[in-house]
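We number each residue from 1, following the sequence as shown. Start at 1 and go down the list; that is how both ligands and their atoms are numbered.
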Amino acid sequence: MTDICSLSLAAVADALQKKEISAAEAARACLDRIAGTEPKISALLRVDGENALARARALDKSGPDASMPLFGVPVTVKDAICTRGLATTAASRMLEGFRPVFDAFAVEKLRAAGAVILGKNNMDEFAMGSTTENSAFQTTRNPWNTGKVPGGSSGGSAASVTAGQCFASLGSDTGGSIRQPASLCGCVGLKPTYGRVSRYGLIAYGSSLDQIGPLARSVADCARVFEVIAGHDRRDATSDPRPAGGYVAALGGGTLKGARLGLPREFFGEGASAEVRDACAAALRAAEGLGAELVEVGLPHTRAAVATYYIIAMAEASSNLARFDGVRYGRRAEGARDLEELYARSRSEGFGTEVKRRIMLGAYVLSAGYYDAYYRKAAQARRLIRDEYLAALDRCDVICAPVSPETAWDMGTHNADPLRMYLMDAYTLSLNLAGLPGLALPVGKGAESGMPVGMQLIGRAFGEADLLAYGHALERALPGIGLPAL
Ligand code: GLN
């Protein structure tokens, strides 16, 4: 029998519908794969094996159902996304032992579509980080080379998908946290347009930036999951009411012939390493070979993006994380003598270093004396960045850019220098500031490092169908990078 875990999501979903394999078999195959690979990559904080198998058996009993597009498909979920009855910690001691009494909207949708949730993925604490090294509990490793980081903050999701532990995962992207780990691990990740997927049940980091989205091993597989989770939800006030869907159907019509691909000068300059530029250039040549036209576009305010993003993200984080005070939410310190001490001790014990750094900086940029100098300026710069993107997208159909300036780096490399780490997000975070969708897909391996290189396609607001169609066409034109031997 072929190895179930190396099938595509599309193939396994099809086989499940046709009863060629049972949901219990699919779940067991993935759980076995988890048992075999977890000691090497540590992508999961929690495996919910028994419940997953019970759910799979119940699905087998009721039988396949064509209205359930993910019938019996094993998936994993980033630990920032609430799963009913299954602990959800955002990889923070602050939330250790928290068992949500509700599912996030995207998780409700996955379950209704028949997916089987195997467990919760490791991540940077409260999604703050670019390597998954900021988790309070464990460090995830890159499946291609376990001495290297998987990227972050959804590093557990990307590693899990790439290692064949599941067929897809849900991640969240505030400044690159779906696209960057997908790129560093060599899988596909979609950051949807702001408002396309409900944030209901996502533990908030930067609320005006956060979006939930899928990671999978191909563009087509990503489209299938996105089709399920996109849509309006009245429990998220920023959820967009326009109808969603048609993403899988759009793949068939995907062609690069005549497509205008915008190349922002600012993303292909000295900032990116030679091997990243070369791999992207080769993919763009392949696109040209299929009839795409390359046009240069300018996004000059990119130089302000890192500063703008970190001011806004930290400001929002300091406000969002104020609720974790040991009284209303979160871990409560023992033995405090008064309320002040209870707050201080609970927060000191519960939060890790990076989270504390961001709360302090966020409170600073919002403080009365500095608000105008930092937060207001950042909000203004954000508008300029968005306007530039919209102007660039008037001149092309989709913007193409590297995801990360470097391929996956050695663990521990940039940890002593937070600013250097923040600069690694230069290519991803401006998209969140602009609210636009981005699809990251592997385009090759670095000539020097041998590690995956990702490129992102950036589209118009609510243009995910086009983005996925272009991505699908590009993916088929490339040789593919295969799967890591683990
Ligand atoms: N690395 C970025 C940060 O630390 C982005 C994280 C994210 O998208 N959640 O803020």
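- Results of the salt bridge (charged side-chain N to carboxylate O under 4.0 Å, His left out) test with Glu349 over Arg332, Arg331, Lys356 single out Arg331 as the only residue that passes.
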side-chain contact (heavy atoms from CB on, under 4.5 Å) between Ser154 and Met123, intermediate numbers included
CA-CA 5 Å; Ser154 310; Met123 55 182 284; over 6 Å; no
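- Between the Glu38 side chain and the Ala43 main chain, a donor and an acceptor come within less than 3.5 Å of each other.
- Using a 4.0 Å cutoff on heavy atoms, Ala313 does not count as a contact of ligand 1.
- Contact annotation: for Lys78 versus ligand 1, there are no heavy atoms closer than 4.0 Å.
- Taking the six-membered ring where the residue is Trp, the centroids of Tyr247 and Phe226 are separated by under 6.0 Å.
- Atoms of ligand 1 found under 4.0 Å from any heavy atom of Gly129, numbered from 1 in the order shown, are 1 (N), 2 (C), 3 (C), 4 (O), 6 (C).
- For Arg358, the closest heavy-atom approach to ligand 1 falls below 4.0 Å.
- More than 12 heavy atoms of other residues, nucleotides or ligands sit less than 6.0 Å from atom CZ of Phe268.
- Closest to atom 7 (C) of ligand 1, if we only count protein heavy atoms, is Ser177 OG, 2.4 Å.
- Listed by atom number, the atoms of ligand 1 under 4.0 Å from Ala127 heavy atoms are 6 (C), 7 (C), 9 (N).
- The atoms of ligand 1 that sit less than 4.0 Å from any heavy atom of Ser153 are 9 (N).
- Nearest protein heavy-atom contact of atom 2 (C) of ligand 1 is Asp425 OD2, 3.1 Å.
- Relative to the six-membered ring of Phe462, Arg196 misses at least one condition, a distance below 6.0 Å or an angle of at most 45° to the axis.
- When each atom of ligand 1 is checked for a heavy atom of Gly175 under 4.0 Å away, the hits are 5 (C), 7 (C), 8 (O).
- Close contacts between ligand 1 and Met128 involve ligand atoms 4 (O) [criterion: under 4.0 Å to a heavy atom].
- None of Ser172, Ser130, Ser153, Ser157 except one satisfies the side chain to side chain donor-acceptor pair (under 3.5 Å) rule with Ser177; the exception is Ser153.
- For atom 5 (C) of ligand 1, the candidate residues are Tyr422, Tyr310, Tyr309, Tyr205; the nearest heavy-atom contact is made by Tyr309.
- Screening Lys191, Arg179, Gln211 for a side chain to side chain donor-acceptor pair (under 3.5 Å) with Asp173, the sole residue that qualifies is Arg179.
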